[in-house]
Amino acid sequence: MRKVSIFGATGSIGQNTVDLIARDPNTYDVVALTGGANIALLAEDAKRLRADIAITAYDDRLDDLRAALAGTGIEAAAGQAALVEAGARPADWVMSAIVGAAGLAPGLEALKQGATLALANKETLVCAGQLVLDTARQHDARLLPVDSEHSAIFQALVGEDMASVERIIITASGGAFRDWPLEALEHASLAEASNHPNWDMGQRITIDSASMFNKALEVIETREFFGVDPSQIEVIIHPESMVHSLVGFRDGALMAHLGAPDMRHAIGYALHWPERRDLPVARLDLAQLGQLNFKAPEDARYPALRLAYEVMDRGGLSGAVFNAAKERALDAFIAERIGFLDMACVVEQVLDRFEANPGLIDAQMTLDNVTQTDHLARLWADEAMAQRAGR
Ligand code: NDP
Ligand code: MG
C-alpha cells in the first residue's frame with residue numbers, strides 16, 4: 001500500500017485528488033487529510049478514505065471536527081502547528097494543495113521526511129524556491145509539478161537534456177477579461193472576475209487568472225522548478241486552454257502538451273509517475289475543435305507579468321513579498337474594498353517599499369525570514385491600501 005496525504009483536501013485540487021485516490025481503495029493507505037472551514041467535507045472524505053488523521057487549519061473548528069469524526073477512530077487536530085505535524089507523518093506521496101503561502105511550511109516538512117511532494121501550491125516555489133529545492137535535495141525527496149503548465153513542461157522534457165532547451169512557452173487563457181476593452185477593467189466586479197472561461201478552480205486562482213497574477217506566479221514557478229533563465233520564459237495567450245505549455249529546443253523543435261482542461265490529468269500524472277495509467281479525463285477531438293488560437297499578451301492589460309520579471313531580476317526574498325502583497329490585495333478585492341486594477345498597483349507599491357529597504361530582501365532564505373517577510377509585506381499592503389482609500 002502506498003501511504004498518501006492530501007493537504008488542502010477540501011479544495012478544488014484536493015477534491016480531484018480525493019476522486020482519483022478513492023477509485024483505487026486497495027492501493028492507497030491514506031495518512032492525513034487537511035482542510036480549512038469546510039469541516040463536513042473534511043470529515044466525510046476522512047471517513048471515505050479511512051484516513052488516520054483529519055486536520056483543520058482553524059483552532060476554533062476543532063470541536064466541530066471532533067464531533068463529525070466521533071466514533072470513527074480517526075484522529076482530529078487543528079491549527080498551523082498541526083498542519084506542519086501532518087507533514088511530518090511519514091507518507092510516500094503528498095499532495096500540496098493548500099491555497100496561498102500557508103501551504104509552504106507543511107510542504108517543507110513533508111520534504112524533510114523524504115516524501116514525493118506533488119506541488120499544486122505554486123506559492124511554495126514563488127516564496128521560497130531555493131529553500132524548497134535545497135530541502136528536497138538534502139532529504140532525497142522529490143518535487144513533481146501539478147500546475148497544468150508545469151506538468152506539461154515536465155512531460156515535454158522527459159528524456160531531454162536541459163542544455164538543449166532554448167525557451168519555455170507558458171500558455172495563458174487570458175482569464176475572464178481577455179476580450180474586455182481596457183477602460184472597462186477598472187470597474188470589473190468580483191462576480192465577473194470569479195468566472196473562468198475554461199477551468200473550474202478555486203475562487204482565488206480564478207481571480208488571479210483574470211488579473212494574470214496566476215500566470216505571473218507560474219512564470220516564477222517555472223524559473224524555480226526548471227532552473228531556466230527568466231529570458232527563456234515566454235507567455236502566450238491561448239484562449240482554448242488545450243495546449244497546456246510548450247518547450248522550445250535549440251534545434252527549433254517545439255514540444256507541446258495538449259489535453260482537455262481537467263486537473264485530474266496533471267494530478268494523475270504526478271500520482272502515477274513515472275508510469276502512465278488510465279485516467280478519467282475527456283479525450284480531445286481535434287477535428288471537432290477545428291482550430292487553436294494564440295496571441296501575445298498586451299503589456300498594458302497585464303501589469304502582473306511585468307512585475308514577475310522584475311521579481312525574478314531582483315531575486316532574494318522578493319518572491320515572498322510579491323506573493324504576500326498579492327494575497328492581501330486579493331483579500332481586499334474579494335471583500336470589495338479595492339478595485340480590480342488596484343491589485344497590481346498595491347503589489348507594485350509594496351515591492352518598491354521593500355526595494356528601498358534592500359537588507360530585508362537580501363536576508364537569508366530561511367523559513368523564519370520568509371514568514372517574517374510575508375507578514376511585513378501584508379502589513380505594508382494594508383498601509384498602501386489605506387493610503388489609496390484616503391486619497
Ligand atoms: P481552493 O480554494 O479550492 O482550496 C484551498 C484548500 O486550502 C482548501 O482545502 C481550503 O480549506 C484550504 N485552506 C484555505 N485557507 C487555508 C489556510 N490558511 N491554511 C490551510 N488550509 C487552507 O484552492 P484550489 O484547489 O483552487 O488551489 C489550491 C492550490 O493549487 C493553489 O495554490 C492554486 O494556485 C493551485 N492550483 C490550483 C489549480 C486548480 O485547478 N484549482 C490549478 C493549478 C494550481 P477549506 O475550503 O475547507 O476552507
Ligand atoms: Mg496553472
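In each ligand, atom 1 is the first atom listed, and ligand 1 is the first ligand listed. All figures in this text were calculated on a predicted structure; none of them were measured in a lab.
- For the Mg ion (ligand 2), the count of nearby protein N, O or S atoms, meaning those under 2.8 Å away, is 3.
- No path of Ile, Leu, Val, Met, Phe, Trp and Tyr side chains, each step under 4.5 Å between heavy atoms, connects Val126 with Ile13, placing them in separate hydrophobic clusters.
- Of the listed residues (Val146, Ile21, Asp262), just one forms a side-chain contact (heavy atoms from CB on, under 4.5 Å) with Ile267, and that residue is Val146.
- Two rings, from Trp380 and Phe354, have their centers less than 6.0 Å apart.
- Side-chain rings of Phe213 and Phe322 approach one another, their centers coming within less than 6.0 Å.
- A heavy-atom distance below 4.5 Å is found between the side chains of Asn293 and Glu240.
- Phe225 and His150 have their aromatic ring centers separated by at least 6.0 angstrom.
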Original post:
Does the salt bridge (Lys or Arg N to Asp or Glu O under 4.0 Å) test come out yes or no for Arg378 and Asp374, once each step is laid out?
Top reply: CA-CA 6 Å; Arg378 283 169 204 259; Asp374 174 286; 2.7 Å; yes

**OP:** Just do the salt bridge (Lys or Arg N to Asp or Glu O under 4.0 Å) check on Glu234 and Arg167 with the steps written out, would you?
**Re:** CA-CA 7 Å; Glu234 299 169 23; Arg167 58 187 179 146; 3.1 Å; yes

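- Residues Trp199 and His244 place their aromatic rings such that the two centres sit under 6.0 Å apart.
- Contact residues of ligand 1 (protein heavy atom closer than 4.0 angstrom to a ligand atom; sorted by chain and number): Gly8, Ala9, Thr10, Gly11, Ser12, Ile13, Gly35, Gly36, Ala37, Asn38, Ala57, Tyr58, Leu83, Ala97, Ile98, Val99, Ala102, Ala120, Asn121, Lys122, Glu123, Asp147, Met201, Gly202, Ile205, Met263.
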